[in-house]
Visitor: 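Right, I'll just put the structure down here and ask away after.
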Amino acid sequence: MMQTSANKERMNVEPGTVQSYEELRGRLARRDRSLREKVVTLEQAASFVSDGMSVGIGGSTMSRTPMALIWQLIRAGKKDLSCSRCIVSTDGDLLFGSGAANHIETSWFAQGILWGLSKVMRHNVESGACRYDEWSHMAMGMRYRAGGMGVPFLPIRSMLGSGVAKQRPEAKEFDCPFTGEKLLLVPALNPDVALIHVQRCDAYGNAQIDGLQFMDIDLAMAANRVILTTERIVSNDQIRRAPDQTKIPFFCVDAVVEVPYGSAPHECFGVYEPMMQHLEMYVAQVNGDPIAGMKKYLDDYVYGPKSWTEFLSMIGVGEIVAASRRGRSIFDD
Amino acid sequence: MMQTSANKERMNVEPGTVQSYEELRGRLARRDRSLREKVVTLEQAASFVSDGMSVGIGGSTMSRTPMALIWQLIRAGKKDLSCSRCIVSTDGDLLFGSGAANHIETSWFAQGILWGLSKVMRHNVESGACRYDEWSHMAMGMRYRAGGMGVPFLPIRSMLGSGVAKQRPEAKEFDCPFTGEKLLLVPALNPDVALIHVQRCDAYGNAQIDGLQFMDIDLAMAANRVILTTERIVSNDQIRRAPDQTKIPFFCVDAVVEVPYGSAPHECFGVYEPMMQHLEMYVAQVNGDPIAGMKKYLDDYVYGPKSWTEFLSMIGVGEIVAASRRGRSIFDD
Amino acid sequence: MIEAPKYTASEIITVLSARQLKDGQIVFAGIGTPLLAATLAQRLHCPGLTILFEGGVIGAFVEPGKLPPSTNDQRCTKRANMVLGSADVLLLLQRGYVDVGFMGGAQIDRYGNLNSSYIGDPAKPKTRLPGTGGGNDIASLTNMIVAMKHEKRRFVEKVDFITSPGFIRGNNTRAESGLPEGGMFRVITELAVFSFDDNSREMKVLALNPGVTKENLQDNTGFDLVFDKNVTVTEPPSNQELTTLRVLDPDRLFIA
Amino acid sequence: MIEAPKYTASEIITVLSARQLKDGQIVFAGIGTPLLAATLAQRLHCPGLTILFEGGVIGAFVEPGKLPPSTNDQRCTKRANMVLGSADVLLLLQRGYVDVGFMGGAQIDRYGNLNSSYIGDPAKPKTRLPGTGGGNDIASLTNMIVAMKHEKRRFVEKVDFITSPGFIRGNNTRAESGLPEGGMFRVITELAVFSFDDNSREMKVLALNPGVTKENLQDNTGFDLVFDKNVTVTEPPSNQELTTLRVLDPDRLFIA
């Protein structure tokens, strides 16, 4: 039922194509935006995502990545997803390496600066199996922001003159009617679905995000549906005591899943830092052999465990406790 | 010295004219944006504003209006200011009635819905003495936002088809090159100076604003200089303990003035509600006679008192205490 | 109305406006009657109504006896789900998150265009009114309910100035002006409830308030009225509605 | 270098980069050497240096031994003045609030154009590199310092792909491309410090690092070098500089 409804909203348009206002408004009008509880399991949440959808991913690099949800999408055998994120890390590896996604729009894609190039990205992109469309970081931000504002584009002053712009005819050079200056108009990005991990939200989806926000607010406003994973679900009363801390309003949100350590092995601001031992093991294995190494990682850590908690237990209590201690220390003087 | 430097930056351009990127960047490059203490008196702060400047006013209606600073500008005999604000209340009356401003760009201008039309606005505008340029509320927001983003315009989907748009040829109808849809491009608004009142900031100008933000963040980024008044100056250490609560960064700010009750008789979120007895006295007097009534108010309450504190004492301790009790109650369950 | 009224004009407008709202809706409400009517609806049949205010508020529950003097005051944030910038709350309308825009009006015409900017020639006005506020944005971007006093000078053939667009000159002119979404849905006065014809986009009478005749209504209206073929008579405000309303506004700020 | 070095290539690059920063500046720093050099400058001669990170941070003081693995990690927010959205921190560059952009480079050409996207033909690349991140935005919108390793294959006549624009094809071509502001200011390597000619916009040698000859430098560079007429020799890293640096990066994450 969810699957069907999700499929109905599937777009199948060429990336960079701007949705008409009529389409955008129509999709939003059909969403149930009422104040209602929307807590589901990770498995149910994954059923909101259909093959071929465009998927916006929250967080950035190794921070507040919705890893549990990505992990579940891979387990559920999703295919041909077209993903976007401001900066892509091991989440992109897993999406390409598993076959869940064949296209990513982002500004940077490796595992992390510490580890050089991602052999998984290289293998998949250089072979032509997958497509990596490059935009500048700010352009990604302005694309989500245009999408969230309900306008078809925003003007920017970067990318001009670069190879990055030449590769993206979806963005249009433009002479400003006010000043005569050259600007670049970047097209709105309204993903079919956004995946966002937060520190806390209520059962309706009112989400409060501590620390770094990245592009999550714009992404949530832009997407045609939003799935939140959250470290914890709090009461609506708690949200209403500090409404100026709410960053995503409930009516943008279609599903809420409580997943403690839902960004592991990446970090969640104020809760845990990245789990570097696991990441280093991962990077050595997949960069050593981006096919067999990735297959083994997926078998062992994605398809293997019975649940997200079992995956966490494979990371190990020692590393989780250490990451948590470091995570909480951000609030120390 | 301040006066001279301020004059150098004076624009004298027709409202609605977009500043070129070269001008904008040049002005910003000449500002001292370094981390430095910038605490001054109310009198010194007023000297940052020169006759004829464009002045962006923070807050909205009766909330977080920088009333002490406006009061000081009037006392200092400023003239021909061209002001902008999302919604204008008694601040606009005082600016027009005193002769400090002869032009306001806003979306709504009266004293408050409770009191009907402002006779002061009517008198000054209908006589042709002053000019009130009307924009939609969102258009005002997008104009500040464009200014803060460093782009010459933003596209919107309102105002189209209305008399409001017809009166503003500064905004341009535009056929979207992506969708063919009709849009309105509203011109960036980069005031010469912004006046913003906040709950707390440090001596460098890092400002934290509780509750309603209105358009203050965009305004601060857009303006060519910013004067902050603040309920209290806190240590930089306190700011750095919760950096995700900082809403305006120090390098946007040129002067900081500590003025407790600096929005009186308007409200400051979480600190005090509007002082309605004083406002009702004011409204009855100026709407009774927008010339003599206003003159008497200015003589008694603006030119008369020796200091802002003396003005507060004329409002009276009873009303200030009651407004404070109501103000703080917003945090009660 | 002939009988001694059991309620003021403002009270019946507020009660009938509240009835137009449905539980679960996202409503963008202006100050005065709209704020009060939406809050009344929350306390009657819409506990899950989400009220947005122009000051930057999502999901407020305004407290009885503490009605805010504008939608930019801290009282508007009481028990809200979210507080955000005022440009951002208006952008929610543009993106399409809002079900209903709900505001008052100073002058309205046959096509639901609202004027709150000028009486007389805008170039040399008899009266400069306060202006649009967020009204233009709300009316441009979502479906509108307008609550206003019914007077001949307020219900005119053609407004002196279009501050907040209704259906412009009727038929398809709103969409052609660049406003493909939203439009006038209901007008509520102390005399009647109006909707708009699906094709011509002319205002039409949907229901008469208790005690109001078609002739009364026409006499108080500055253009020839169109009546729906199934015009009904509205149920008068119930005791519960009136009592709850008066608890919300004990100082009669907006129901005098 | 002929003598047994007292410091690694990364160390001298970091120290010389730190020297380029002035107290009170607003610096937008990339991960790795830029972050480390800016933090080093804060601890030496720039206590009032404000460091911005792409993750959305203004005014951080990164802690010794806790270098973040990217500029999007919570460690980047330590003792910051402000944390904001990443699009918003990038917009500060566009508005003009930033004095210096500071990043690393994979490949650079005579006009300071940087490539971090493709080795070989972009249509069928030998190597797909990670891409621009915020590099394009920073290089497009502000004055740049680039810190990078000096190798012949990295210092090329013409980059395979312009990821982050320098002066494009020299002379006025950057401004003509729509980038009237900013541009390359300095390039720092383990061999030399470079600036760019005010007119031709060609890279030119400003100073040689200790022990480096013009011939050494040319041998390691893929295009014919231009030397400033007053080429100097840089002071070697001091003990204080090296000690402070090694305290910041005890695990030698970025100075190995």
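Order of the sequence lines sets the chain letters (A, B, ...), proteins ahead of strands, with each chain counted from 1.
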Visitor: I'd like to know which of B:Q245, B:M149, B:Q208, B:R240 tops the heavy-atom pair count under 4.5 Å against chain D.
Guide: B:R240
Visitor: Can we call the ring centroids of D:F185 and D:F196 under 6.0 Å apart?
Guide: no
Visitor: Pick one of side chain, backbone, both or neither for D:D23, based on which atoms fall under 4.5 Å of a heavy atom in chain B.
Guide: neither
Visitor: Would D:R128 count as a cation-pi partner of D:Y118, with NZ or CZ less than 6.0 Å from the six-membered ring centre and within 45° of the ring normal?
Guide: yes
Visitor: Please classify the contact of D:Q94 with chain B as side chain, backbone, both or neither, using a heavy-atom distance under 4.5 Å.
Guide: both
Visitor: At a heavy-atom distance under 4.5 Å, which candidate from B:K247, B:R36, B:R241 has the highest pair count against chain D?
Guide: B:K247
Visitor: How about B:I330 and B:F269: do any of their side-chain heavy atoms sit closer than 4.5 Å?
Guide: yes
Visitor: At a heavy-atom separation under 4.5 Å, does B:I217 approach chain D through its side chain, its backbone, both, or neither?
Guide: neither
Visitor: Among B:H197, B:Q199, B:R64, exactly one meets side-chain hydrogen bond (donor to acceptor under 3.5 Å, both in side chains) together with B:E231. Which residue is that?
Guide: B:H197
Visitor: Tell me, out of B:D202, B:N206, B:N236, who's got the most heavy-atom pairs with chain D below 4.5 Å.
Guide: B:N206
Visitor: Report yes if some heavy atom in the side chain of D:D228 is under 4.5 Å from a heavy atom in the side chain of D:V205; otherwise report no.
Guide: no
Visitor: Taking B:L35, B:L28, B:L24 one by one, which has the highest count of heavy-atom pairs under 4.5 Å against chain D?
Guide: B:L28
Visitor: Taking every heavy-atom pair that is under 4.5 Å apart, which of D:L84, D:L90, D:L92, D:L49 has the most such pairs with chain B?
Guide: D:L92
Visitor: Return yes when atom CD of D:E235 has more than 12 non-hydrogen atoms of other residues, nucleotides or ligands closer than 6.0 Å, and no otherwise.
Guide: no
Visitor: Please flag which part of D:V89 lies under 4.5 Å from any non-hydrogen atom of chain B: side chain, backbone, both or neither.
Guide: neither
